Amino acid sequence: MDGIVSWPGEESSITSRPARRLRTSPSVLHADVDAFYAAVEQRDKPSLRGHPVIVGGLGPRGVVATASYEARRYGVRSAMSMVEARARCPQAAFLAPRFAVYRAVSAQIMDIFAEFSALVEPLSLDEAYLDIATSAHEPISTEAAVEIARRIKEKVRAVTGLSISVGAGNSKLVAKIASDLDKPDGLRVVPAGAEADFLAPLPVTRIPGVGPATAARLHNVGVHTIGELAALSEEEAANLLGRAHGRHLWALAHGWDDRAVCADRAAKSVSVEDTFDQDIADPGRLRIVVRAMAERVVERLRAHTLSGRTISVKVRLTDFTTLTRSATLPAPTDDVRVVRRLAERLLTEVDTSSGVRLIGVGISGLTDWVQLNLFADDRGGRPTGGAGEVSTGTPGTASPMHTDPPASAVPWTPGQDVVHRRYGPGWVQGSGRGWVTVRFETRDTPVGPVRSFRDADPELHPAESP
DNA sequence: TCTGGGGTCCTAGGACCC
DNA sequence: TCTGGGGTCCTAGGACCC
């Protein structure tokens, strides 16, 4: 294993903080493909080589996903509007992204990374951390790290035709910054012990996690370099930037970064969103759109055999203010009818009369098992739907790869319109284990209470079909 | 003709429970 | 009747990353 040393300054930190250990050799690698999408397009279309290429949305509200280095010379950057990119570099080739191709190339690259380390943490299609200490019994020398990086670059170029940049250091932070500094086709290893001198003169904005808002706060107090951030006290950083964020960045500025390289990180949410070519104000059209997005997100959810408890709707208004509304179910679902209906309701909680430029639907609180009925959680108790409440307070701690028997002979279908003799019209949010939960809302009165009944409640009936 | 789409993490307030 | 604190869950928003 890599050599390990105690976290400097540990004595002064709060006792709840776990003991930190820093590596003593450059055994963390960060690798990413140079101008990935654009480079794939240039690779596949030789006439584009040597010329500016801009990949991104081609619609009226598109933005740049990736600009080739030729295009960057004209000031074209990721996230810039396509309109501005066209103004800066009209002679560029403007291409829509081909994600299926990028995913395939990405898989090739990740396979190559896996040949060099058993511990690969992908960050995106074109980027990953590699822990090269896992298979080594001795600390990794600078020369050994350089050699491994060189071989990875060679192999990626031979197999995919793409150039990558690799950085290595004793932490994720140092490796990542090192790979950034030498782009494109970079190879930079920060030797053990040289981390502080490497970091100190760099602008704070080099630290991943320091964006425009954080940079502005730091600049306000005269902090421009990583070394100047490190020279603050931990308390000053925490007060300036927030407790967690401030302390984290302050530690990073010292090079105190013990974050582990972690393969197989489970997804926490799934979402889809669309920006319209023109704003939509018509509630009927918005309702149709949000239903379609609910269907798309459930498709993605089910493709990964996941279920989720919390449904969110995101609305970006004409003036770009962004609102979210969410609701949490008593148990995870992957039922399109429930998600569709809930998304529709959440949309009604936002005033969209001024016009909407984007709608999104997301699902979080994911569990790794296929939902068979809404109450197939392990709380054991009966459903408790109280008036107006969606969540019951107790989270379903789902067992992995749960295999519940199907809820057979239950007459109620999630999403179904029903009428209760006392409570009026509503729709079935879920059923199972002898119970059915009804949300008493209609399109005209979209927000209403939730109540649960026995399956055979004589007062509950399917709504008349239209 | 301003500002995509997919995510992650953090904060802060209120509800609720012990 | 009054007075609390801690912990967890939920919601909404914001910063940030590629």
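Computed from a prediction, not measured in an experiment: that's the story for all the values here. These numbers come from the heavy atoms of this one structure, side chains and all, not from hydrogens, waters or symmetry mates.
Taking 4.0 angstrom as the limit, Ser271(A) places a side-chain polar atom (N or O) nearer than this to OP1 or OP2 of dG7(B). Applying the 4.0 Å criterion to OP1 and OP2 of dC18(C), one finds that Ser78(A) has every side-chain N and O outside that range. Between Lys172(A) and the phosphate of dC17(C), there is no side-chain N or O to OP1/OP2 separation shorter than 4.0 Å. Between Thr275(A) and the phosphate of dG5(B), there is a side-chain N or O to OP1/OP2 separation shorter than 4.0 Å. In this structure, Arg316(A) does not reach the dT3(B) phosphate: none of its side-chain N or O atoms is under 4.0 Å from OP1 or OP2.
As a whole-Å value, the separation of Ile164(A) CD1 from dC18(C) C1' is 17 Å. For the pair Gln278(A) CD and dT1(B) P, the interatomic distance rounds to 8 Å; values are reported in whole Å. The distance between atom CG of Leu58(A) and atom P of dG5(B), rounded to the nearest whole Å, is 13 Å. We find that CE of Met80(A) is positioned 17 Å from C1' of dC18(C), with the value rounded to whole Å. One interatomic measurement links the two molecules: CD of Glu121(A) to C1' of dT8(B), which rounds to 12 Å at whole-angstrom precision. The distance between atom CZ of Arg61(A) and atom C1' of dG5(B), rounded to the nearest whole Å, is 15 Å. Distance, Leu125(A) CG to dG7(B) P: 11 Å, rounded to whole Å. Separating the CE atom of Met82(A) from the C1' atom of dG5(B) is a distance of 13 Å, rounded to the nearest angstrom.
In this structure, Leu323(A) reaches the sugar-phosphate backbone alone: every heavy-atom distance under 4.0 Å involves primed, P, OP1 or OP2 atoms, never a base. Using a 4.0 Å heavy-atom distance criterion, Asp126(A) is classed as a sugar-phosphate-only contact.
Taking the charged nitrogens against the carboxylate oxygens, Glu295(A) and Arg291(A) have no contact shorter than 4.0 Å, which rules out a salt bridge.
Each of Arg357(A) and Val83(A) lies near DNA chain B, and the nucleotide nearest Val83(A) is the one positioned closer to the 5' end. Along DNA chain B, the nucleotide closest to Ser269(A) and the one closest to Thr318(A) are compared, and the more 5′ of them pairs with Thr318(A).
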Side-chain donor-acceptor contacts of residues 56-66 of chain A below 3.5 Å, not counting sequence neighbours, with atom names and distances?
from	atom 1	to	atom 2	distance (Å)
Arg61(A)	NH1	Phe276(A)	O	2.9
Arg61(A)	NH1	Asp279(A)	OD1	2.8
Arg61(A)	NH2	Asp279(A)	OD1	3.0

Quick one: which protein N/O atoms are closer than 3.5 Å to N/O atoms of nucleotides 9-13 of chain B? Pair and distance per line, please.
from	atom 1	to	atom 2	distance (Å)
dC9(B)	OP2	Lys268(A)	NZ	3.1
dT11(B)	OP1	Ala244(A)	N	3.0

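Side-chain atoms of Arg206(A) do not come within 3.5 Å of backbone N or O of Ile177(A) as any donor-acceptor pair. Under the 3.5 Å distance criterion, the side-chain polar atoms of Asn170(A) are matched with a main-chain donor or acceptor of Arg23(A). Ser165(A) contributes a side-chain N or O that, together with a main-chain N or O of Asp185(A), makes up a donor-acceptor pair within less than 3.5 Å. Judged purely by atom type and a 3.5 angstrom limit, Lys314(A) has no side-chain atom pairing as donor or acceptor with the backbone of Thr324(A). Remark: side-chain polar atoms of Thr318(A) are paired, donor with acceptor, to backbone N or O of Gly355(A) under 3.5 angstrom.
Rounded to a whole angstrom, the distance from the C1' atom of dC17(C) to that of dG4(B) is 14 Å.
Of the candidates dG7(B), dT3(B), dG5(B), dG5(B) carries the atom nearest the Glu273(A) side chain, counting heavy atoms from C-beta on. In the set dG6(B), dA15(C), dC18(C), the nucleotide with an atom closest to the side chain of Arg300(A) is dG6(B).
Residue Asp264(A) places its CG atom among 12 or fewer non-hydrogen atoms of other residues, nucleotides or ligands, all under 6.0 Å distant.
Here Phe113(A) contributes atom CZ and Glu127(A) contributes atom CD; the two are 9.5 Å apart, rounded to the nearest 0.5 Å.
Counting only Watson-Crick and G-U wobble pairs whose two key distances fall under 3.5 Å, DNA chain C forms stems of three or more stacked pairs at B:5-18 with C:5-18.
The cationic group of Arg73(A) does not satisfy the cation-pi geometry with Tyr69(A), failing either the under 6.0 Å distance to the six-membered ring centre or the 45° limit from the ring axis.
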